[in-house]
Amino acid sequence: MTQTHAPTSAAPVSASVPMIQLKVKVLRFDPEKDKKAHWTTYDVEAQASDRVLDVINHIKWYMEPSLTFRRSCMHGICGSDAMLINGRNRLACKTLVRDVAKSGGTITVEPIRGLKVEKDLLVDMEPFFDSYKAIMPYFINESPAPAAERIQSEEEAERMAHSSNCILCACCTTSCPIFWVNGSYLGPAAIVQAHRFIFDTRDEATQQRLGIMNQNTGVWRCRTAYNCTEACPRDIPITQLIEEVKRAVMYGQA
Ligand code: SF4
Ligand code: F3S
Ligand code: FES
């Protein structure tokens with residue numbers, strides 16, 4: 001079903017900033033009414049410098065209050081607004097309209113794939129966070145605490161610099177074809193989180209985490225498809241980090 005709403009503006013109207021006309025196609029699903037998902041099209045006026053999240057917020061606030069999706073920080077920090085925008089996983093708050101559509105163009109918005117859709121763009125994140133919990137995502141060190149902090153060299157800190165940038169947005173895991181066909185794969189996000197602790201010289205649970213990575217739900221499922229790396233809004237070189245974890249598993253040490 002396609003439904004078209006009259007154009008309204010996603011940005012405060014200013015005489016100096018040109019507005020562009022957009023069609024925003026949203027894949028909608030209401031479990032109480034729909035047997036399957038359907039596209040609904042909204043005509044929206046926006047500035048090229050608006051974020052896609054501004055546009056979607058506008059649709060919710062002024063056109064379709066029942067539209068359901070997650071968002072919080074609006075600044076690429078909380079990781080809650082991952083969506084499939086024009087066929088690619090992105091954070092709606094970090095995606096500018098001008099990067100995905102020209103005036104008169106169409107933006108498509110769908111829920112991320114591989115997780116159950118609860119309503120519209122809202123998916124069940126429980127399996128994703130179960131995988132996160134499975135890698136023991138917390139610092140483990142039973143040695144007596146030093147008088148001050150546990151010291152790391154710059155080089156040691158550098159080894160976990162990329163993986164500690166992860167915001168758990170799920171853009172990577174839900175773009176991975178291996179995860180789509182087998183949800184038991186822990187997925188790239190969980191491996192990045194495991195990397196963060198495996199390569200932390202202050203942590204003492206390296207062998208336990210390498211054991212988890214060596215299970216049949218772990219790193220060996222990765223077939224270096226690279227979708228995850230392309231999808232990451234934090235520019236984390238995920239596939240490279242997965243290869244580092246594979247090597248650590250093979251050699252029994254980080
Ligand atoms: Fe998101 Fe990147 Fe973390 Fe994956 S590795 S969850 S894409 S921030
Ligand atoms: Fe999947 Fe990324 Fe590996 S997309 S197959 S986890 S390189
Ligand atoms: Fe927080 Fe986009 S709303 S990352």
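Bear in mind that the values here come from a model prediction, so they are computed numbers and not experimental data. First listed ligand is number 1; within each ligand, the first listed atom is number 1. When reading the values below, keep in mind they use all heavy atoms of this one structure, side chains included, and skip hydrogens, waters and symmetry mates.
Annotation for ligand 1: atoms under 4.0 Å from non-hydrogen atoms of Ala170 are 1 (Fe), 6 (S). For ligand 2, the atoms closer than 4.0 angstrom to any heavy atom of Ile178 are 5 (S). Close contacts of ligand 2 with Pro188, meaning ligand atoms under 4.0 Å from a residue heavy atom, involve 6 (S). Atoms of ligand 3 found under 4.0 Å from any heavy atom of Gly79 (numbered from 1 in listed order, with element): 1 (Fe), 4 (S). Close approach to Ile242 involves these atoms of ligand 2, each under 4.0 Å from a residue heavy atom: 6 (S). Listed by number with element, the atoms of ligand 3 under 4.0 angstrom from any heavy atom of Gly76 are 4 (S). Near Ala189, meaning under 4.0 Å from one of its heavy atoms, ligand 1 places the atoms 6 (S). Listed by number with element, the atoms of ligand 2 under 4.0 angstrom from any heavy atom of Thr239 are 7 (S). If you number the atoms of ligand 1 from 1 as listed, the ones under 4.0 Å from a heavy atom of Leu168 come out as 3 (Fe), 6 (S). Against a heavy-atom cut-off of under 4.0 Å, Cys78 is close to the following atoms of ligand 3: 1 (Fe), 3 (S), 4 (S). Near Asn227, the atoms of ligand 2 lying under 4.0 angstrom from a non-hydrogen atom of the residue are 4 (S). Interface atoms of ligand 1 facing Arg234, defined by a heavy-atom separation under 4.0 Å, are 8 (S). Heavy-atom contacts of Ile77 reach the following atoms of ligand 3: 4 (S) (cutoff under 4.0 Å). Near Cys93, meaning under 4.0 Å from one of its heavy atoms, ligand 3 places the atoms 2 (Fe), 3 (S), 4 (S).
Between Tyr62 and His58, the two ring planes are tilted [angle within 30° to 60°].
In summary, Cys172 places an N/O/S atom under 2.8 Å from atom 4 (Fe) of ligand 1, meeting the contact criterion. Inclusion of Cys228 in the first shell of atom 2 (Fe) of ligand 2 is supported: an N, O or S atom falls under 2.8 Å. Distances from atom 3 (Fe) of ligand 1 show that Cys169 has no N/O/S atom below 2.8 Å.
Enclosure of atom CZ in Phe139 by more than 12 non-hydrogen atoms of other residues, nucleotides or ligands within 6.0 angstrom is indicated.
Atom CG in Asn165 sits 5.0 Å away from atom CZ in Arg234 (nearest 0.5 Å). Atom OG of Ser103 and atom CZ of Arg98 lie 14.5 Å apart (nearest 0.5 Å).
Side-chain contact between Ser66 and Asp30 is absent, with no heavy atoms from C-beta onward closer than 4.5 Å. Between Met74 and Asn57, the closest side-chain pair of non-hydrogen atoms falls below 4.5 Å. Contact check for Ser163 versus Phe197: no side-chain heavy atoms found under the 4.5 Å cut-off. Side-chain contact between Arg51 and Asp54 is present, with at least one heavy-atom pair separated by less than 4.5 Å. Within the 4.5 Å cutoff, no side-chain heavy atoms of Thr68 are placed close to those of Phe29. A heavy-atom distance below 4.5 Å is not found between the side chains of Leu67 and Thr40. A 4.5 Å side-chain heavy-atom check between Val109 and Leu121 finds at least one atom pair inside the cut-off. In this structure the side chain of Asp200 reaches within 4.5 angstrom of the side chain of Gln152, judged on heavy atoms.
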Begin from the C-alpha positions of Asp124 and Leu115 and carry the test side-chain contact (heavy atoms from CB on, under 4.5 Å) through to its verdict. CA-CA 6 Å; Asp124 177 8; Leu115 295 168; 5.5 Å; no
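When only modelled atom types and interatomic distance are considered, Ser143 and Glu204 share a side-chain donor-acceptor pair under 3.5 Å. In this structure, a donor-acceptor pair under 3.5 Å is present between the side chains of Asn89 and Thr174.
Contact annotation: for Ile167 versus ligand 3, there are no heavy atoms closer than 4.0 Å. Contacts between Cys73 and ligand 3, counted as non-hydrogen atom pairs separated by less than 4.0 Å, involve both the backbone and the side chain. Contact annotation: for Cys228 versus ligand 1, there are no heavy atoms closer than 4.0 Å. Neither the backbone nor the side chain of Phe179 comes within contact range of ligand 2; no heavy atom lies under 4.0 Å. Here Ile238 has side-chain heavy atoms under 4.0 Å from ligand 1, and that is the only part of it that gets that close.
Heavy-atom separations between Pro233 and ligand 1 include at least one value shorter than 4.0 Å. Contact analysis leaves Ile238 out of contact with ligand 2, as no non-hydrogen atom separation drops below 4.0 angstrom. For Tyr185, the heavy-atom gap to ligand 2 drops under 4.0 angstrom.
For atom 3 (Fe) of ligand 2, the closest non-hydrogen atom of the protein is Cys222 SG, 2.4 Å. Protein heavy atom nearest atom 3 (Fe) of ligand 1, with residue, atom name and distance: Cys166 SG, 2.3 Å. Regarding atom 2 (Fe) of ligand 1, its nearest protein heavy-atom neighbour is Cys232 SG, 2.3 Å. What sits closest to atom 1 (Fe) of ligand 2 on the protein, heavy atoms only, is Cys176 SG, 2.4 Å. Arg223 N, 3.2 Å is the protein heavy atom nearest to atom 5 (S) of ligand 2. Ile167 N, 3.5 Å is the protein heavy atom nearest to atom 8 (S) of ligand 1. Looking only at protein heavy atoms, the nearest one to atom 3 (S) of ligand 3 is Met74 N, 3.2 Å.
One finds a salt bridge joining Glu243 and Lys246 here, because a Lys/Arg side-chain nitrogen approaches an Asp/Glu carboxylate oxygen to under 4.0 Å. Electrostatic pairing of Glu64 and Arg28 counts as a salt bridge here, judged by a charged N lying under 4.0 Å from a carboxylate O.
For the side chain to side chain contact (heavy atoms under 4.5 Å, CB included) test with Leu186, the passing option among Asp130, Ile135, Thr173 is Ile135; the others fail.
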